[in-house]
Amino acid sequence: MSGNSWRKTALVMSVLAVCGMCGCENRSSGDEDRTDYIYGDSIEEDHGGGPLGIRLGVPDGCDLTFDTGHSKLSEISLVDDDIQVANVDRAYTVSFDRMRMDTSRIQDMVESVFDKDQGIYCRDDGDENMTKEEIQKEIDLIEVYRQQALEEGQQDVAEIYESDIAETKNRMKEAPDSYTPVREYTTNKIYIGQHDGEQYSLWISGDDTADASGRVSIVYEPAGDQEQKYLADLEDAVMTETAGQNYFGGDIEDQENKCGIDENTAEHEAQAFLDRMGISGMAKCGSQAVVRSWLDSGFEIIKAEKNGYMFEFGIQIGGVDTAYIDPTGVDNLKNKNGYVMYEGDRISVCVDDSGVFNVRATLSTDTDSFVREKVDLLSWEDMVNKADESIVEYYEKYPTAYSEVRFNNVEFMYVPCIQDGEKLVYIPAWVLTQSENNDISEEHGAYDNIVQLVYINAVDGSCVDIIETAKCLETWYGTDPETGAGTKTISK
């Protein structure tokens with residue numbers, strides 16, 4: 001992967017970390033025309049006896065200590081002075097299917113974002129399938145880095161770049177001259193086409209077989225000379241990057257947004273784009289300004305400006321967020337056989353005066369498959385009593401290296417679980433997390449690093465087995481414990 005590529009990949013992960021934990025906004029009753037789109041199911045109008053939090057006796061805050069049993073922990077506690085419960089009146093269990101991407105769905109997505117009469121082209125995913133023009137741009141950028149190293153007297157670094165250039169030129173010998181006109185629509189391809197006179201790419205990755213269900217990633221971004229137009233504005237710049245304002249912290253806060261459209265208009269454009277792609281069941285989680293930065297050959301930012309808006313979307317069920325949590329820092333959710341990766345569905349959409357110019361999506365859930373049933377929940381007091389037993393049982397089954405567990409946040413959300421051994425269901429749950437600050441999050445304003453995570457079923461007070469659920473959701477990665485085969489996704 002080129003220096004440019006890995007930097008952009010790292011930036012994407014940072015942006016996702018910045019935005020991933022925001023809570024989805026509840027829509028106003030005036031948005032009746034979007035009810036089906038937002039929730040994947042229409043909402044009943046009667047209020048069922050008042051807000052759920054009041055009916056369950058949920059306090060504003062709590063300071064609890066749980067039994068440690070035979071877990072070898074000296075303390076399991078929960079202290080939270082701001083318990084989060086959405087203003088809803090009922091709860092459900094919701095059965096669902098995994099996202100399924102067949103050739104027809106992929107074709108509809110691709111043709112919805114490109115002008116068909118201008119031609120649609122494609123290439124296989126991977127740097128080895130780049131065209132000669134793409135590789136030449138990579139060579140040109142490496143040469144800028146080489147010259148910078150020479151100017152700074154770093155001869156050894158310059159020689160490394162020179163070796164990279166030679167290796168990249170060898171790749172060019174076998175590279176195709178141009179993209180191939182699309183003949184069939186499958187995952188793991190990069191599609192290229194025109195929209196309003198500008199060239200964009202749409203990368204759709206997922207399972208190797210187009211008819212399989214599972215986790216799908218989508219990236220839509222500029223693929224023409226858009227960056228060169230921006231670079232022409234600043235002599236010393238060699239590349240540009242875009243990220244949400246939160247990535248930059250307070251340094252950019254007071255700057256005026258140069259985008260010519262207001263945030264409300266931009267949001268409607270983002271929603272319309274997702275509609276055209278056939279992506280439904282998503283609610284806006286939050287928004288922030290988009291910041292474009294210009295970087296010199298030493299990757300130092302020499303200019304940054306607000307220009308556009310970034311919108312985050314996630315799944316809601318009846319006005320309550322589904323969990324979107326990064327569990328990779330939770331030690332008892334990994335063992336010698338594997339670890340749990342991101343769970344959930346998330347989309348970021350960037351809009352400026354030219355319209356939607358960047359989309360990044362992770363999709364796991366087919367919201368059209370939702371079948372919901374209303375359920376009664378334990379009161380807060382009864383849930384706490386049940387949790388006193390279930391949490392210690394959970395830590396006895398999945399020990400942690402920590403000597404103490406001190407949860408510092410609890411929130412009412414929907415989480416996935418397995419019922420009857422194979423049925424996928426979203427259930428209402430109390431999500432307990434212990435978070436610790438880290439340097440990256442403090443620098444860029446991201447959410448804290450989660451080091452402990454427990455899902456308590458709000459219906460019966462049991463703990464959800466996150467690892468077994470992850471295996472069925474194909475979000476468990478590692479060595480297959482039965483075959484000993486290499487790194488792969490394990491599914492039942």
Side-chain angles (χ1 to χ4, degrees), residues 7-28 81-82 84 221-222 226-227 229-231 233-234 236-271 273 283-296 298-314 321 324-326 346-360 408-409 411 435-450:
R7 278 191 58 81
K8 290 187 176 181
T9 300
L11 180 66
V12 169
M13 296 305 294
S14 297
V15 171
L16 289 176
V18 168
C19 305
M21 291 300 293
C22 54
C24 292
E25 297 176 357
N26 296 329
R27 289 285 181 174
S28 67
D81 59 5
D82 184 21
Q84 299 295 309
E221 61 186 359
Q226 293 96 326
E227 183 174 33
K229 294 176 183 177
Y230 284 112
L231 289 175
D233 296 338
L234 209 58
D236 295 331
V238 300
M239 64 185 294
T240 67
E241 293 177 334
T242 56
Q245 175 182 328
N246 291 350
Y247 178 79
F248 291 85
D251 296 341
I252 204 81
E253 185 175 347
D254 295 332
Q255 193 180 109
E256 181 181 356
N257 197 323
K258 294 189 175 183
C259 187
I261 60 176
D262 60 42
E263 184 171 345
N264 187 58
T265 301
E267 181 183 345
H268 280 291
E269 289 201 27
Q271 293 270 19
F273 188 93
K284 190 185 82 171
C285 298
S287 62
Q288 57 185 297
V290 167
V291 177
R292 181 176 298 277
S293 57
W294 284 256
L295 287 75
D296 62 18
F299 302 121
E300 295 295 326
I301 295 176
I302 53 180
K303 178 184 176 182
E305 67 177 26
K306 290 183 186 177
N307 194 342
Y309 304 91
M310 173 185 287
F311 302 96
E312 294 293 321
F313 298 88
D321 296 353
Y324 184 80
I325 290 175
D326 177 9
R346 220 51 159 201
I347 303 175
S348 68
V349 182
C350 295
V351 183
D352 63 10
D353 291 338
S354 65
V356 172
F357 69 90
N358 189 291
V359 177
R360 297 180 184 273
N408 50 24
N409 187 71
E411 186 171 357
S435 301
E436 294 180 357
N437 291 328
N438 56 50
D439 293 339
I440 294 178
S441 68
E442 290 178 341
E443 178 182 352
H444 299 302
Y447 60 86
D448 292 340
N449 178 44
I450 294 175

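What you see is a predicted model, and the numbers here were worked out from it, not measured in a lab.
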Would you say N307 and R292 make side-chain contact, with heavy atoms under 4.5 Å?
no

Evaluate Y247 against V291 for side-chain contact (heavy atoms from CB on, under 4.5 Å), listing each step before the verdict.
CA-CA 9 Å; Y247 178 79; V291 177; over 6 Å; no

Treating N408 as the side-chain partner and S435 as the backbone partner, does any N or O pair qualify as donor plus acceptor under 3.5 Å?
yes

Nearest-0.5 Å distance that lies between atom CZ in F248 and atom NZ in K306
11.5 Å

Please give me the minimum heavy-atom distance between V356 and A270, naming the atom from each residue.
CG2-CA, 4.3 Å

Looking at every non-hydrogen atom in both residues, tell me the closest pair between S293 and I301 and how far apart they are.
CB-CG2, 4.0 Å

What is the minimum heavy-atom distance between G314 and C285, and which atoms define it?
N-SG, 3.1 Å

From CA spacing to verdict: side-chain contact (heavy atoms from CB on, under 4.5 Å), D352, V290
CA-CA 8 Å; D352 63 10; V290 167; over 6 Å; no

Pair S287, E263: side-chain N/O donor-acceptor within cut-off below 3.5 Å
yes

Taking all non-hydrogen atoms of both residues, which atom of T240 and which atom of Y230 are closest, and how far apart?
CG2-CB, 4.1 Å

Working to the nearest 0.5 angstrom, can you tell me the gap between Q288 CD and Y309 OH?
12.5 Å

Between K258 and E305, what is the shortest heavy-atom contact and its length?
NZ-OE1, 3.1 Å

Hey, could you give me the NE2/CZ distance between H268 and F311, rounded to the nearest 0.5 Å?
9.5 Å

For the student: nearest non-hydrogen atoms of M310 and G244, plus distance
CE-N, 3.7 Å

Taking atom CG of D82 as the centre, report whether more than 12 heavy atoms of other residues, nucleotides or ligands fall under 6.0 Å from it.
yes

Return the CD to CZ distance between E312 and R360, rounded to the nearest 0.5 Å.
11.5 Å

Gap separating the CG atom of D296 from the CE atom of M239, nearest 0.5 angstrom:
10.5 Å

Flag side-chain contact, heavy atom, 4.5 Å: I347 against V359
yes

Distance, nearest 0.5 Å, that separates CD1 of I302 from CG of D236:
5.5 Å

